[in-house]
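Here the structure is laid out as C-alpha cells; the discussion comes afterwards.
What you see below is based on every heavy atom in this structure, not just the backbone, and it leaves out hydrogens, waters and symmetry mates.
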Amino acid sequence: MLTVENLSKRFGGFLAVNGVSFGVRAGEILGLIGPNGSGKSTTFSLIAGTLSPSEGSIRFEGAEIGGLPAHRICRRGIARTFQSRRPFRKLSLVENVTLAAYYGEGGGISRGEARRRAEEALALVGLPDDPAATTERLGAAGLKKLELARALATKPRLLLADESLSGLDAAEMERAAELLQSIRARMGITIVWVEHIMGVLMQIVDRVIVLDHGERIFEGRPQDAAGDARVTEVYLGRRRN
C-alpha cells in the first residue's frame with residue numbers, strides 16, 4: 001500500500017531522517033518506534049505532506065505522493081493524528097469532526113453527509129454526538145479520541161497514528177490500543193502507529209520498525225525487536241551480553 005524509499009529530510013545542516021526505506025502492507029498495523037528525536041514524527045510529516053522530502057520517494061497505492069501538499073494527500077486516502085491536540089474550542093465535538101469530513105472531501109459532500117460521517121466517527125471512538133457536547137471537559141484520553149475521530153471522518157484507507165498513548169495512564173493506554181485494533185477490524189483501515197512507549201504497542205502491532213537518529217536500525221516481528229542488541233542499546237543505553 002505504501003512504499004518509502006531512501007527518504008531523507010534536512011533542516012539546514014541537521015539530517016532528521018536519513019535514507020529510511022520501508023513498506024506498509026494493506027491491512028496491517030505497523031509500529032514505528034524509537035526514542036525521542038529519532039525521526040518518527042518527521043517521517044510521518046513527510047508521508048502526510050506537512051513536510052517535503054529533501055530526498056527519496058513516497059508511493060501510495062503505486063502513485064508518487066512525496067512533496068504533495070497535505071490536503072491532496074488526505075484526499076487520496078491518508079489521514080494522520082497529531083501528538084499535540086488542538087481542537088476548535090468554540091465548536092462542539094460533532095462540529096469539530098464534521099469540519100474534518102468536509103476537509104477530507106474538499107467540501108464536495110453535503111452538510112448531511114458530513115454530519116453523518118462525524119456521528120459515525122464519534123460513535124466508533126466512544127464520544128457523544130450531542131450538539132451540546134464540547135471539548136471543555138475532555139481530558140487527555142478524550143482529546144486523543146477526538147483527534148482520532150477527526151482523522152477517521154476523512155474516510156482514510158491508511159491511518160498514521162502519532163503517539164496515541166502519550167499522557168495516558170495504564171488503563172487508558174490499553175483502551176487506546178484496543179480502539180486501534182477495533183478500527184482496523186471494523187473499517188478495514190491500515191495503520192502505521194508511531195510511538196516511543198513500547199509496552200502496549202508491541203502487543204498489538206504485526207510488524208515493527210525502529211528508528212534511531214533518523215536511521216532505520218531494525219525491522220521485523222515485535223518479539224524479535226525486544227532481543228535485538230542495537231534496539232536494546234537505544235532504549236536502555238547498554239548492549240546486552
task = Dump the intermediate steps for side chain to side chain contact (heavy atoms under 4.5 Å, CB included) on R186 and L124, then the final yes or no.
result = CA-CA 9 Å; R186 294 176 60 179; L124 186 60; 3.3 Å; yes
key: Chi angles and distances behind the side-chain hydrogen bond (donor to acceptor under 3.5 Å, both in side chains) call for R80, S45   = CA-CA 9 Å; R80 72 165 294 181; S45 294; 3.0 Å; yes
task = Take M1 and L158 through the test side chain to side chain contact (heavy atoms under 4.5 Å, CB included) and record every step on the way to the result.
result = CA-CA 8 Å; M1 176 176 273; L158 174 64; 4.0 Å; yes
query = Step by step, would you call L146 with L127 a side chain to side chain contact (heavy atoms under 4.5 Å, CB included)?
reply = CA-CA 8 Å; L146 178 59; L127 289 177; 4.0 Å; yes
inquiry  = Let's go through S38 and H213 carefully: what are the C-alpha distance in whole Å and the side-chain angles of both, what is the deciding distance for side chain to side chain contact (heavy atoms under 4.5 Å, CB included) to 0.1 Å, and is it a yes or a no?
reply    = CA-CA 5 Å; S38 61; H213 292 96; over 6 Å; no
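Judged purely by distance below 3.5 Å, without hydrogens or angles, the side chains of T135 and R89 pair a donor atom with an acceptor atom. A donor-acceptor pair shorter than 3.5 Å can be found between the side chains of D162 and S41.
The CD atom of E120 sits 4.0 Å away from the NZ atom of K155 when rounded to the nearest 0.5 Å. Of the inter-residue distances, the one linking R184 atom CZ with I204 atom CD1 reads 9.0 Å to the nearest 0.5 angstrom. Of the inter-residue distances, the one linking E119 atom CD with D130 atom CG reads 10.5 Å to the nearest 0.5 angstrom. To the nearest 0.5 angstrom, L93 atom CG is 11.0 Å from E136 atom CD. With values rounded to the nearest 0.5 angstrom, R150 atom CZ is found 11.0 Å from T154 atom OG1. Within the model, atoms CD1 of I78 and CG of L2 stand 6.0 Å from one another, a figure rounded to the nearest 0.5 Å.
The minimum heavy-atom distance linking A226 with T232 is given by the pair O-OG1, 3.7 Å. Contact between L91 and L99 at its shortest, heavy atoms only, is CD1-CD2, 4.4 Å. Residue L159 comes nearest to A151 through the heavy atom pair CD1-CB, 3.8 Å, listed as atom of the first residue, atom of the second, then distance. Between V125 and A149, the closest heavy-atom pair is CG2-CB, 3.9 Å. Looking at every heavy atom in both residues, G104 comes nearest to R75 through O-CG, 3.0 Å. Smallest separation of non-hydrogen atoms from P156 and L152: CD-O, 3.5 Å.
A salt bridge (charged side-chain N to carboxylate O under 4.0 Å, His left out) check over residues 99-113, counting only residues at least two apart or in different chains, returns the pairs E105-R117, E113-R116, E113-R117.
Side-chain contact between R230 and F218 is absent, with no heavy atoms from C-beta onward closer than 4.5 Å. For the pair R157/E61, a side-chain contact is recorded, criterion being any heavy-atom separation below 4.5 Å from C-beta on. Side-chain contact between R59 and E5 is present, with at least one heavy-atom pair separated by less than 4.5 Å. Taking the side chain as every heavy atom from C-beta outward, I217 and V234 approach each other to under 4.5 Å.
A salt bridge is absent between E95 and K90; no separation between the charged side-chain nitrogens and carboxylate oxygens falls under 4.0 Å. Contact check on D212 versus K40 returns no salt bridge, with no Lys/Arg side-chain nitrogen under 4.0 Å from an Asp/Glu carboxylate oxygen. The pair R175-E178 does not count as a salt bridge, with every side-chain nitrogen at least 4.0 angstrom from each carboxylate oxygen.
Side chain of N96 to main chain of S92: a donor-acceptor pair is present (N/O by atom type, distance under 3.5 Å, no hydrogens or angles).
Residues L180 and L122 share a hydrophobic cluster, clusters being chains of Ile/Leu/Val/Met/Phe/Trp/Tyr side chains in contact below 4.5 Å. L143 is connected to W193 through a chain of hydrophobic side-chain contacts under 4.5 Å among Ile, Leu, Val, Met, Phe, Trp and Tyr, so both are in one cluster. In the hydrophobic clustering of ILVMFWY residues, with side-chain heavy atoms under 4.5 Å counting as a link, M187 and I109 come out apart. Residues F82 and Y103 are members of separate hydrophobic clusters, defined by side-chain heavy-atom contacts under 4.5 angstrom among Ile, Leu, Val, Met, Phe, Trp and Tyr.
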Using atom types as modelled, flag every donor-acceptor pair under 3.5 Å from a side chain in residues 7-22 to any protein atom, sequence neighbours excluded.
unit_1: S8; atom_1: OG; unit_2: G19; atom_2: N; d: 2.9
unit_1: K9; atom_1: NZ; unit_2: S52; atom_2: O; d: 2.8
unit_1: R10; atom_1: NH1; unit_2: E55; atom_2: OE2; d: 3.0
unit_1: R10; atom_1: NH2; unit_2: E55; atom_2: OE2; d: 3.3
unit_1: N18; atom_1: ND2; unit_2: E215; atom_2: OE2; d: 2.8
unit_1: S21; atom_1: OG; unit_2: N6; atom_2: N; d: 2.7

Check residues 27-34 and write down every donor-acceptor pair under 3.5 Å in which the side-chain atom is one partner and the other belongs to a residue at least two apart or another chain.
unit_1: E28; atom_1: OE1; unit_2: R207; atom_2: NE; d: 3.2
unit_1: E28; atom_1: OE2; unit_2: R25; atom_2: N; d: 2.8
unit_1: E28; atom_1: OE2; unit_2: R207; atom_2: NH2; d: 2.6

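With respect to V24, the side-chain contact (heavy atoms from CB on, under 4.5 Å) criterion is satisfied by exactly one of T190, I47, L160, T3: T190.
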